[in-house]
Amino acid sequence: MAIDFSLSPELEAIRARVRTFVDDVIKPGETRIDGTGSEGAGKPLVGRERLDVLIEMRRAARAEGIWLPHMPEEWGGMGLGHVELAMVQAEAAKSYYGPWVFNCQAPDEGNMHTLLHWATDDQKERYLRPLCEGRTWSCFAMTEPEVAGSDPTLIQTSAYQDGDEWVINGHKWFISNAHRASFAILIARTEDDPDLPQAGNTAFLIDLPSDGWNEVRQIETMHGSTGHSEILLEDLRVHDSQMLGGRGQGHLLGQYRLGPARLAHCMRWIAQAETALDMMVSRSLDRYSHGSLLAEKQGIQWLIADSAMELYQSKLMVLHAAYKIDRGEDFKSEVSMAKHFVANSLNRIIDRSIQVHGALGYSTDTPLAHMFQQARWARFADGADEIHQMRIAQRTIAAYKDHGTTASATGSLPI
Ligand SMILES: Cc1cc2nc3c(=O)[nH]c(=O)nc-3n(C[C@H](O)[C@H](O)[C@H](O)COP(=O)(O)OP(=O)(O)OC[C@H]3O[C@@H](n4cnc5c(N)ncnc54)[C@H](O)[C@@H]3O)c2cc1C
């Protein structure tokens, strides 16, 4: 019997260690930063003070060996596969700062995968090594305000060659982490007339700050102004050796990056959804109305049951997609389905939890309001719902045409 959902004792021990670290170190640190503990006396920490607490937690995590769960051991990581990673990410993201403390947060985590796969040895030493050591931060610059981010063949930022340099002009936005990053992976159009529409873009490594890379603003969003920048690129010059991957391979590189990075988002969203469901149940066991506890009312039980079923499906989908990545099998459909399903479940589960909490859920006295603001972008960033649905439908129709059945489009499972 090959299907086995249990963890080995070694992995169970890692999971327990991560959970204990999150509970004993990160959650109290979070309380200090937010100013919600007795020490903080209601004053959130800002600037250097906030950063000091975060860095202190990072040092402790590294000393504890909970560091870079997604990277191989030779890069200082824990050398976990994607199934194992699911378990660590889902524990880490029980706290807002967890992934950052373990150095497995977006966009650095996706950039590390990209550099590991595409960078030359020199580029790895220069960019990947310090990122893995927690000495630098990075960003990924692809989306543009003028054209649909869902269709990278429309990218207008262009690069032309001038001797052994490239000159880049264009406009990017929603570039997470850009204001603190030491370097960017930038996608620009280099080919006027590519054989395939997808082969027009090339990736470049840009040291930051650089002349010609100009931050216009940090965009104010529904979860505040938390580090998504608008960037104007004006005659930005970069040496040919800064090309990442080959010429015209920007699309391939983006796709390679997005597969595991999307799934890592799902792993963290599962943690958030579970927190929301735990809170929903806890509140329903405390709140009394019209002769009984909320937990005893069928209307509330349906909210709980729907959320439990969706969370269970989310976990199975993520584990199966991770299993396919680990086995080197084609995982595109499974990751697409997981990304769509988990993002939507997350939004529904948090919304139901807010409903059960009533006014308290709408207040900022619980983390739910903040979680809901964050969850909204999950449905369109890293592939909008409709794009994933389009691709899933295309693959399902192709499976039927090729094999007379859609079975291979639903995970190729043995049932
Ligand atoms: C918090 C946050 C962080 C981000 N971080 C980064 C980052 O670090 N780097 C970066 O490069 N980008 C980043 N992005 C941008 C993100 O990747 C884009 O928002 C995403 O790719 C969608 O592109 P768009 O916003 O241009 O939407 P559009 O492509 O204009 O799409 C808008 C809507 O149109 C619909 N749509 C589009 N195409 C189709 C279609 N073919 N069929 C049916 N419906 C369709 C969908 O409903 C979609 O939601 C971030 C965004 C957010 C919100």
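Remember, it's a predicted structure, so these values are computed and weren't measured experimentally. Just the heavy atoms: all of them, side chains too, but no hydrogens, waters or symmetry mates, feed the values below. Atoms within a ligand are numbered from 1 in the order they appear, just like the ligands themselves.
The contact set between ligand 1 and His228, taken as ligand atoms under 4.0 Å from a residue heavy atom, comprises 1 (C), 3 (C). Close contacts between ligand 1 and Ala384 involve ligand atoms 46 (C), 48 (C), 49 (O) [criterion: under 4.0 Å to a heavy atom]. Of all atoms in ligand 1, numbered sequentially from 1 with element shown, those under 4.0 Å from a heavy atom of Ile387 are 38 (N), 39 (C), 40 (C), 41 (N). Within the listing of ligand 1, atoms 7 (C), 8 (O), 9 (N), 10 (C), 11 (O) sit less than 4.0 angstrom from a heavy atom of Phe140. Counting atoms of ligand 1 from 1 in the listed order, those under 4.0 Å from a heavy atom of Glu386 are 43 (C), 44 (N), 46 (C), 47 (O).
Per-atom contact check: atom 32 (C) of ligand 1 does not touch the protein, criterion being a heavy-atom distance below 4.0 Å. Using a 4.0 Å threshold on non-hydrogen atoms, atom 28 (P) of ligand 1 counts as touching the protein. Distances from atom 6 (C) of ligand 1 to the protein include at least one heavy-atom value under 4.0 Å. Counting only heavy atoms, the protein never gets under 4.0 Å from atom 36 (N) of ligand 1. Atom 25 (O) of ligand 1 is never approached by the protein to below 4.0 angstrom, counting heavy atoms only.
Ligand 1 has no N or O atom lying under 3.5 Å from any N or O atom of Ala381, backbone or side chain. For ligand 1, the polar-atom distance check against Phe380 finds no nitrogen or oxygen pair separated by under 3.5 Å. Ligand 1 has no N or O atom lying under 3.5 Å from any N or O atom of Asp151, backbone or side chain. An N or O contact shorter than 3.5 Å links Thr143 to ligand 1 by distance. Where the criterion is an N or O separation shorter than 3.5 Å, residue side chain and backbone included, Trp173 fails it with respect to ligand 1. Ligand 1 has a nitrogen or oxygen under 3.5 angstrom from a nitrogen or oxygen of Gly149. Between Gly383 and ligand 1, not a single N/O pair is under 3.5 Å apart.
Not counting sequence neighbours, His171 has no partner by the ring pair (Phe, Tyr, Trp, His ring centres under 6.0 Å) test. In this structure, the salt bridge (charged side-chain N to carboxylate O under 4.0 Å, His left out) partners of Arg327, at least two apart in sequence or on a different chain, are Glu329.
In Pro107, neither the side chain nor the backbone holds a heavy atom less than 4.0 Å from any atom of ligand 1.
Ranking protein heavy atoms by distance to atom 2 (C) of ligand 1, first place goes to Phe174 CD2, 3.8 Å. The nearest heavy-atom contact from the protein to atom 8 (O) of ligand 1 is Ser176 N, 3.1 Å.
Here Trp377 and His265 bring their ring centres to under 6.0 angstrom of each other. Proximity of the aromatic rings of His70 and His113 is defined here by a centroid distance below 6.0 angstrom, and this criterion is met. Between His223 and His228, the distance from one ring center to the other falls under 6.0 angstrom.
Thr120 and Asp122 share no side-chain donor-acceptor pair at under 3.5 Å. Donor-acceptor pairing under 3.5 Å is recorded for the side chains of Ser333 and Arg395. Between the side chains of Ser229 and Gln218, not a single donor N or O lies within less than 3.5 Å of an accepting N or O.
For the pair Asp382 and Arg262, the tightest heavy-atom approach, listed with the atom from each and the gap, is O-NE, 2.6 Å.
Remark: side-chain polar atoms of Asn103 are paired, donor with acceptor, to backbone N or O of Leu131 under 3.5 angstrom. Distance alone, capped at 3.5 Å, is enough to place a donor-acceptor pair between the Trp67 side chain and the Cys132 backbone. Between the side chain of Thr275 and the main chain of Ala271, a donor-acceptor pair closer than 3.5 Å is present.
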